[in-house]
Every structure is written in structure tokens, then in C-alpha cells.
Amino acid sequence: MDGFLYSDDNKRYHTWNYHLRKKFGCKVMKIALNAGFTCPNIDGTKGRGGCSYCSSSGSGDFAGDPEETILRQFEDIKSKMHKKWKTGKYMPYFQAHTNTYAPADVLRQRFEGVMRQPGVVGISIATRADCLAEDVLEYLSELNERTYLIVELGLQSVFDKTGERINRCHTYKDFLDGYNELKRRGINVCVHLIDGLPGEDKDMMVYSARVVGELEPHCVKLHLLHILRGTRMEKELAQGDLRLLERDEYVDIIVSQLEVLPPEVIIQRLTGDGGRDSLIGPLWSLKKFEVLNAIDKEMARRDTYQGAALIKH
């Protein structure tokens, strides 16, 4: 390979870091926040208990403390980030639970203050595709005109059978309806997929990636299924009802997924992990840099790159 188009180092995929440096000319730090929202899959509107892999923090295990104000969370996490990176700008990331599951005036109250902080260049909002009411879409459209906005949608799998198995409580059609409403307004969308969900094999995971790639999202996050204490999946694992992926198996799946994703699509994540104190497994996921290095090595071994499988011969 002569060099991947969307890379200025040895990466063979379109990294989030590369995109942000090209767009803003510097390091941009994502500041994970907890704005105190809930979820229709928790409060009984659609379900109870959330998705079966989801912890009590609503997939915001590394977000700020919800007992603190959003501005205090922002300052605390920003100061921790600066221990690693001396300079840079910031992107508040409303991560925990469903961050559009409220009227637009409530969202405005929780988002606007942190967006006015010095050095903030955009905002990322994690939500479900079935929680995009018309007033919320109007507010997101307004935000999109003022700043660099990304709305992150947790899909996890295109297979409704898997969605039922993990208690997702919305269908792939529901996802498409919400996704298309955002795209119609020119809003950047990041789609989340999880590898290793119960009942899925490699072919199914690669298929999900291919189908999502055909939607031409702005970004994709590829996560490893990891089991956290206190979740329903912890019980399922103990009962032998699911199996965790081995590292080499995961690396193979990720590389195959990258091959079917268009090179223009930004890859925000290639793994996922839990807190060291709450993670049941896979424990190898704690060594994140080793996992990422193994992905790089496998791509080099195959002499492949993001989108390679899409080239017509």
C-alpha cells in the first residue's frame, strides 16, 4: 500500500484524531459529561432496566459525576485531560443515558452553558434514534448552524433479533427513521456498533458494518462487548448464556469491518472497555494500546486498509 488517503502516519483507517487535527489544526479533547438524563428503556416508557449490557451509569462510566454541575464536570475532566495533553481545544460529549430524551428547552438549559466555555469547538450528543421529537430536531438543526455538532446513535446491530436479545426496545426501522431525520437536516451522525453480542457470528458483525457504511454516516464507533458488574449480562455470562470474544478473534472482526466501511467515514473508536473496578471481561480489553497495535499489525499483514473490500475489480 502506498499510503491511506486519510492518514498522515502509518494508520490504514480514517482516525478521529486525524480528522480533528485536519479540521481544527490542533488536538481536540472530548470531555465526557453526565447531564442527568434517563432513557425510555429505563423509565418504563419502552422498557425497564436498559439494554442488557448497560451499567447503571447508562454507558457513561467515564463521564462526569452527575452530582456535580455540568460546568464543574467539564472543568474537572478538562484538568485531567491536560495532564496528558498540554494544549488543545474541547468538545463536550454528553455521553450518559439518552441525551435528547427531554423537551428542547431542557436540552438548551443543559447544553448551552458548557458550549460558551473558552476553547470549545463543538458538541457531541449521545442518544437513541427513537428519541428525536420535532422540537428536539429543530433545536439540533439550530445547533448545527452554530457549531460542529455530532449526534451519536446507539444502534449496536442491524439485526432486530439481536436487538430483542439485548433489550434494545427499538427496531432497525426506528433507527433508520431517526437517522434519516438527522441526515435530512445536514446533521453529522456517528453510529455505534458492538461486536460480540450474543447470537452473532463474524459474518453478522461484518454485515452490520457494511450496511451502516452504505448509509454514509459521518463517523462510526466499533465497540467490544464488555461485561460490567451489576448488568444483566453479568448474570448471563455466569449462567453460560454468552461467550466473550478472544483478542485475536476481535482483531480479525475489526479489520474485516474496516474493509467494508467507506474510507471517508471517520472511525471514532475501535474498541471499548470498562472501568478496572467494574469490568468482568474480557480482561484483555484493559490493555487498549496492545489491542490497537494488534489491529494495525493485522492490517499491515493483510496489506489492507479501510474500504479495501469496496473496490470494484
Side-chain angles (χ1 to χ4, degrees), residues 11-13 15-16 50-55 57 59 61-62 152 154-168 172 190-213 219-261 265 267-302 304 306 308-309:
K11 296 294 183 183
R12 293 169 176 249
Y13 57 93
T15 69
W16 176 235
C51 296
S52 57
Y53 57 80
C54 199
S55 68
S57 66
S59 295
D61 298 273
F62 297 103
E152 304 198 16
L155 173 60
Q156 322 315 357
S157 171
V158 302
F159 294 97
D160 284 339
K161 182 178 179 181
T162 303
E164 293 171 6
R165 175 71 171 74
I166 64 176
N167 195 45
R168 186 176 62 189
Y172 182 57
C190 178
V191 181
H192 293 220
L193 294 173
I194 294 179
D195 290 332
L197 292 172
E200 293 206 350
D201 59 17
K202 176 185 173 181
D203 287 346
M204 294 173 72
M205 298 174 219
V206 174
Y207 180 81
S208 281
R210 182 186 289 274
V211 170
V212 166
C219 317
V220 166
K221 284 185 176 178
L222 300 175
H223 296 271
L224 166 70
L225 176 66
H226 53 274
I227 309 302
L228 301 177
R229 298 187 194 283
T231 62
R232 272 183 280 180
M233 277 199 176
E234 179 187 9
K235 295 178 182 178
E236 292 175 14
L237 182 66
Q239 293 167 356
D241 294 334
L242 60 86
R243 181 184 72 84
L244 301 181
L245 293 175
E246 300 292 339
R247 195 188 79 168
D248 290 349
E249 190 178 11
Y250 182 70
V251 167
D252 174 58
I253 292 166
I254 286 289
V255 173
S256 298
Q257 288 177 314
L258 288 173
E259 289 177 327
V260 300
L261 286 167
V265 174
I267 308 300
Q268 279 209 35
R269 291 196 68 131
L270 283 183
T271 185
D273 53 22
R276 190 173 293 272
D277 294 336
S278 60
L279 181 67
I280 302 293
L283 295 179
W284 55 260
S285 68
L286 291 169
K287 298 179 179 179
K288 186 179 299 184
F289 288 109
E290 290 186 10
V291 177
L292 294 175
N293 287 339
I295 292 167
D296 289 341
K297 288 178 181 178
E298 179 61 12
M299 295 191 84
R301 188 191 71 79
R302 294 191 198 182
T304 194
Q306 184 179 335

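All figures in this text were calculated on a predicted structure; none of them were measured in a lab. Note that the numbering runs from 1 along the sequence shown for the chain.
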Of all heavy-atom pairs between [X] and [Y], which one has the smallest distance, and what is that distance?
X: Ser285; Y: Leu224; result: CB-CD2, 3.5 Å
X: Ala294; Y: Val251; result: O-CG1, 3.7 Å
X: Val260; Y: Ala309; result: CG1-CB, 4.0 Å
X: Val255; Y: Ile295; result: CG2-O, 4.0 Å
X: Trp284; Y: Leu245; result: NE1-O, 3.1 Å
X: Leu225; Y: Pro198; result: CD2-CD, 4.3 Å

When rounded to the nearest 0.5 angstrom, what is the spacing between [atom1] in [X] and [atom2] in [Y]?
X: Lys288; Y: Glu290; atom1: NZ; atom2: CD; result: 13.0 Å
X: His223; Y: His192; atom1: NE2; atom2: NE2; result: 4.5 Å
X: Lys161; Y: Glu164; atom1: NZ; atom2: CD; result: 9.5 Å
X: Ser52; Y: Leu197; atom1: OG; atom2: CG; result: 8.0 Å
X: Glu200; Y: Ile253; atom1: CD; atom2: CD1; result: 9.5 Å
X: Asp296; Y: Phe289; atom1: CG; atom2: CZ; result: 11.5 Å

Flag side-chain contact, heavy atom, 4.5 Å: [X] against [Y]:
X: Ser157; Y: Met204; result: no
X: Ile254; Y: Glu298; result: no
X: Ile166; Y: Met233; result: yes
X: Tyr172; Y: Leu155; result: yes
X: Arg12; Y: Thr304; result: no
X: Arg210; Y: Val158; result: no
X: Asp252; Y: Arg302; result: yes
X: Lys287; Y: Arg247; result: no

Self-check item: Phe159, CZ: over 12 other non-hydrogen atoms inside 6.0 angstrom
Solution: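 More than 12 within 6.0 Å, yes.
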Exercise. Return yes when atom NZ of Lys202 has more than 12 non-hydrogen atoms of other residues, nucleotides or ligands closer than 6.0 Å, and no otherwise.
Key: yes
Quiz prompt | Arg269/Glu152 salt bridge by N-O under 4.0 Å criterion | solution = no
Exercise. For the pair Arg168 and Asp160, find out whether any cationic side-chain nitrogen is under 4.0 Å from an anionic carboxylate oxygen.
Key: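 Yes, Arg168 and Asp160 are salt-bridged.
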Practice problem: Could you check His226 against Leu279 for side chain to side chain contact (heavy atoms under 4.5 Å, CB included), going step by step and ending with a plain yes or no? | Solution: CA-CA 7 Å; His226 53 274; Leu279 181 67; 3.6 Å; yes
Quiz item: side chain to side chain contact (heavy atoms under 4.5 Å, CB included) between Arg276 and Leu286: does it pass, once the steps are laid out?
Solution: CA-CA 7 Å; Arg276 190 173 293 272; Leu286 291 169; 3.7 Å; yes
Quiz item: Under 3.5 Å, side chain of Gln306 to main-chain N/O of Val265, donor-acceptor pair present?
Solution: yes
Practice problem: Determine, stepwise, if the pair Arg229 / Ile280 fulfils side chain to side chain contact (heavy atoms under 4.5 Å, CB included). | Solution: CA-CA 6 Å; Arg229 298 187 194 283; Ile280 302 293; 3.2 Å; yes
Quiz item: Between Thr271 and Tyr250, does a side chain to side chain contact (heavy atoms under 4.5 Å, CB included) hold up when you go through it step by step?
Solution: CA-CA 9 Å; Thr271 185; Tyr250 182 70; 4.1 Å; yes
